[in-house]
There are 2 protein chains.
Amino acid sequence: MSSTQTCPIEASILQLLSPSQRNILEAQSHQINLNSHEYLFERGDTADHIYQVNRGKVTLSRLMPNGEQKVFKVFLSGGVIAEMAVFMQPREYPMSAHIDQETTLTAYSYASFKELFISNPELSLQVISFISNRVGQLMNSLDMLTQVNANQRLVMHFADIYSKQKRCGNRFTLPNTKKVLASQLGITPETLSRLFRKLKFNGLITESGACITVPDFTVLCREVDLVPSIFQHNH
Amino acid sequence: MSSTQTCPIEASILQLLSPSQRNILEAQSHQINLNSHEYLFERGDTADHIYQVNRGKVTLSRLMPNGEQKVFKVFLSGGVIAEMAVFMQPREYPMSAHIDQETTLTAYSYASFKELFISNPELSLQVISFISNRVGQLMNSLDMLTQVNANQRLVMHFADIYSKQKRCGNRFTLPNTKKVLASQLGITPETLSRLFRKLKFNGLITESGACITVPDFTVLCREVDLVPSIFQHNH
DNA sequence: TGACGGCCTTGATAATTGTCAAGGAGGTAA
DNA sequence: TTACCTCCTTGACAATTATCAAGGCCGTCA
């Protein structure tokens, strides 16, 4: 359907590059076209490229010990895929990337990044900062997923989406289907459906399509026993 | 009590350094002595040092939104603290480090690391790999904590400890109190106690003090519906 | 020595979340 | 059009985990 959707604004490693560095990288990049139901890469493949989505939709997911496919993230136009994987050792993609819609991507090779890093020590430092921050974020997610209940996880996810989208009042748009959202929150679609129903029933949110309106963030947070500051924007 | 305990063998950023690089760092390091109940640093402090524990015990923990103190990790002799935090931006410790026993540490400054990185681009590359791997591990933990139940989390934690300790038959030693273990697994101490009771009752493990014996790893894994390969050593 | 405090355990009970089954809505392809 | 198919929802029920309360054990400290 909407092939014009773009990823929520999110920092990527590409933004650390200066214009000239970016040019060097672009010169060595190449374009890729893939059709729906193909795979960009599969878990275990040698991770030698970072990809940026120009148009389309790519889902990163992995097989769980129980046999289910868990969605880790969905990338739309602008999204940068596998920016960590190419630097890991062994250099293998830890997840599979599935094409959901006809997609065009730009592929940047590991080798060209490596060259850039070697010849620009200050860039390496920035990258180290960047990845360290990602570690910090992941540790936060880790706490979030263990120490708070599903209701709170959902609201915290709302806060996350809200702060990443450009503000338009007290509304935001769910970027994925609810099935995917449930997978990301680590709950079943049924439980998610019931959480939504409860929030709507209590007037804490209203829903119209993928658009969620929150009449009062403070009330919403208080209701699920969270600090309201989670909805504050921090660039 | 046992002040001779050492941390489980775990990769640290210090091991990436060549002997000469290590010497440069050591020359700029300094020693710290702290007594029980003091804090090495608190959440929000400027993160300008990485610490290695020479002797003693340090607990890294953070305050959760519900007001509880969650233990992230316990460091014993050999442990390296805050190897990520110093590279984050803003450069603040994301957790507090509490001294549990009289402790001596070596402090390495952020500035000296930065110099090393700038003058050794290949080292930077290694560090990028190292931190990327950490990202991968955290993503695994993230899955583990959301997709599997408490019982499985406990057994996976056993596997983790087992593979990090030098093997002595089918035994391993719990490095922390059960209260801390429960906190790390994201469950209450009561639930943990009941899980242990069930495992012991079913003859899947035996417990004597902090030492756990597993008669048959394969049976244990099968009982909680996990693949036995989690107990395989992978260096 | 006794008093206190933390950790661990256990029981009873409640809250949370998952599982199974079913049906509606909407999209796609023959 | 019909025949699927997936997503979303709902209900009934089961499993998991938390909460509250209590007691035992084992340290430390006065």
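In what follows, chains are A, B, ... by sequence order, proteins preceding strands, each numbered from 1. These numbers were taken from a predicted model, which means no experiment stands behind them. What you see below is based on every heavy atom in this structure, not just the backbone, and it leaves out hydrogens, waters and symmetry mates.
Atom CG of Asn176(B) is separated from atom P of dG6(C) by 19 Å (rounded to the nearest Å). A straight line from NZ of Lys198(A) to C1' of dT9(D) spans 16 Å, rounded to a whole angstrom. Across the protein-nucleic acid pair, Leu195(A) atom CG and dT9(D) atom P stand 11 Å apart, rounded to whole Å. Here the C1' atom of nucleotide dT10(C) and the CZ atom of Phe196(B) are 16 Å apart, to the nearest Å. Computed from coordinates, the Lys178(B) NZ to dT9(C) C1' distance equals 9 Å when rounded to whole Å. When the P atom of dC8(D) is taken as reference, atom NZ of Lys200(A) falls 12 Å away, rounded to whole Å. One atom, CG of Asp225(A), and another, C1' of dA18(D), lie 15 Å apart when rounded to the nearest Å. Residue Asp100(A) contributes atom CG, which lies 10 Å from atom P of dC7(D) at whole-angstrom precision.
If you check the side chains of Asn35(B) and His37(B), you find no donor sitting under 3.5 Å from an acceptor. In this structure, a donor-acceptor pair under 3.5 Å is present between the side chains of Thr106(A) and Gln31(A).
If you check dT17(C), dT9(C), dT17(D) against the side chain of Ser193(B), the one that comes closest is dT9(C). Candidate nucleotides dT16(D), dT17(C), dA18(D) were compared by shortest atom distance to the side chain of Asn149(B), and dT16(D) ranks first. Checked against dT9(D), dT17(D), dC7(D), the side chain of Pro189(A) finds its nearest nucleotide in dT9(D).
We find the CD-NE2 distance between Gln184(A) and His157(A) to be 5.0 Å, quoted to the nearest 0.5 Å.
For Glu190(B) against dC20(D), a side-chain N or O and a base N or O form a donor-acceptor pair under 3.5 Å.
At the phosphate of dC7(D), OP1 or OP2 sits under 4.0 Å from a side-chain N or O atom of Lys179(A). Residue Arg197(B) has a polar side-chain atom (N or O) positioned under 4.0 Å from OP1 or OP2 of dG11(C).
Heavy atoms of Ile187(B) sit under 4.0 angstrom from primed sugar atoms or phosphate atoms, though from no base atom. Thr188(B) comes within 4.0 angstrom of a base, heavy atoms only. Among the protein residues, Arg194(B) comes within range of the nucleic acid bases, having at least one heavy atom under 4.0 Å from a base atom.
Looking at heavy atoms from C-beta onward, Thr213(B) lies in side-chain contact with Asn170(B) at the 4.5 angstrom threshold.
When ring centroids are compared, Phe217(B) and Tyr162(B) come within the 6.0 Å threshold.
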